[in-house]
Amino acid sequence: MNARASAIHHIDGERLAELATARAAGLTASERDHLHRCQSCTSQLADELALTHRLRAAPQPRAPLAFAETTRRRFLAARRARYRAAFMQTAAAVALLAISTTTLLVLAWPHLIAHAGVALSASAAIMKAFALVAVKLPGSAMAFVAVQAVTLLGTTLFLIALVRREDLSRAAAK
Amino acid sequence: MASTLEREAEIVRRAREGDVEAFEKLVGEHQHAVYRACRRYVDDGDAEDAAQETFIRLFTHGESLDPQRPVLPWLLAVARRLCIDRLRKSARFAEETPSTPEPADPTEDPERGAAAREQLVTLQAALGELPEGQREAMALFHFDELSYAQIAEVLAVPQGTVMTWIHRGRARLRQIVEGRRERTS
């Protein structure tokens with residue numbers, strides 16, 4: 001009987017290991033049938049099961065008792081650092097906004113008194129959005145400065161464009 | 001009713017936003033698995049520190065975490081990277097012998113306890129003799145009960161490689177254990 005069974009297809013070793021770890025789907029009908037007839041596969045499966053059992057029974061190191069408490073303290077420290085960084089970023093953003101807006105207003109006062117409000121609003125909206133993001137996802141200080149620089153540049157270009165348009169309108173009127 | 005994965009995703013989201021209670025829950029759930037993973041690479045003190053750092057990384061660098069997937073493979077992958085970095089920094093990587101789990105306390109029956117203990121010591125020593133990939137895959141599969149796909153994610157190798165490592169690891173383990181038995185008998 002076993003000779004005949006071995007002449008047929010034995011169950012693959014990898015599959016037997018899978019069956020022994022109960023990670024694969026259960027036995028198929030043909031596998032069950034084969035195991036009834038093949039002593040070799042049955043014994044191999046028994047070996048695999050014994051190995052799985054021994055592995056599962058092996059004691060594993062456990063985290064020390066104070067682990068959770070120490071981790072909690074470190075978490076609180078990291079959270080404080082995040083909030084501090086977010087506060088500093090927001091404060092710096094507000095300071096930069098004030099400086100950039102004042103500079104632009106001083107430079108463009110004669111032409112842009114009518115448009116200053118628009119520029120200020122746009123700049124403030126961008127800064128507010130950035131401050132909100134900064135609180136959620138604190139990035140590096142360099143990233144913050146880069147975004148602020150881009151905002152400042154954008155506002156400047158916007159104002160220059162307004163001046164240019166105004167000059168062109170005057171020229172056309174003349 | 002929310003699935004386990006959804007519940008876990010919610011806890012992770014809250015922990016990442018700074019919720020202490022959610023963070024504690026996460027630590028309570030996974031501390032032993034993460035610590036165990038670290039112990040496979042480094043000694044007691046370093047393992048504890050690396051495991052704690054792993055949880056803090058979830059808070060500070062959790063952007064890469066996919067909320068649709070379980071958090072444990074991500075934690076184990078981070079723990080593994082942190083431990084490897086430590087080993088590299090301390091320049092011990094080449095000489096470091098793999099750490100094996102500590103043996104169990106003897107059971108109540110001294111005779112049975114001694115036999116069980118001997119078996120476990122043999123098994124643990126045999127695990128320590130496996131190549132790194134096989135050992136790690138075997139541990140993640142049998143002790144942490146991760147799937148092939150999750151192990152592939154942790155070890156950053158294809159799933160087929162994981163399956164081969166586990167299969168070869170089991171075969172090699174049997175050989176080593178049987179070899180030891182024959183030598184002692």
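We name chains A, B, ... by the order of the sequence lines, and we start the count at 1 in each one. Excluded from the calculations below are hydrogen atoms, water molecules and symmetry mates; all remaining heavy atoms, backbone and side chain alike, are included.
- Proximity to chain B involves both the backbone and the side chain of A/E48, based on heavy atoms less than 4.5 angstrom apart.
- Among all heavy-atom pairs drawn from A/P61 and B/Y35, the shortest one is CB-CE2, 4.1 Å.
- In terms of heavy-atom pairs under 4.5 Å with chain A, the best-connected choice from B/R170, B/Q31, B/M163 is B/R170.
- In terms of heavy-atom pairs under 4.5 angstrom with chain B, the leader among A/A77, A/A50, A/P64 is A/P64.
- In this pair, B/F23 and A/F75 present their aromatic rings parallel. The plane angle is below 30°, not in the 30 to 60° band.
- Side-chain contact between B/Y148 and B/F141 is present, with at least one heavy-atom pair separated by less than 4.5 Å.
- Checked by atom type, the side-chain pair B/Y41/B/R80 shows a donor-acceptor distance below 3.5 Å.
- With a threshold of 4.5 angstrom between heavy atoms, B/A139 does not approach chain A through any atom at all.
- Contact of the B/E29 side chain with the B/L26 side chain is not registered, since no non-hydrogen atoms from C-beta on lie closer than 4.5 Å.
- For a heavy-atom cut-off of 4.5 Å, chain A lies close to B/E48, B/D49, B/A51, B/Q52, B/E53, B/F55, B/I56, B/F59 in residues 48-59 of chain B.
- In terms of heavy-atom pairs under 4.5 Å with chain A, the best-connected choice from B/V20, B/I166, B/V34, B/V27 is B/V20.
- Between B/R39 and B/D46, none of the side-chain N atoms (NZ, or NE/NH1/NH2) sits under 4.0 Å from a carboxylate O, so this pair counts as no salt bridge.
- Side-chain contact between B/W74 and B/S64: present, with at least one pair of heavy atoms (C-beta onward) separated by less than 4.5 Å.
- Under the 4.5 Å side-chain criterion, counting only non-hydrogen atoms from C-beta, B/P70 is in contact with B/L5.
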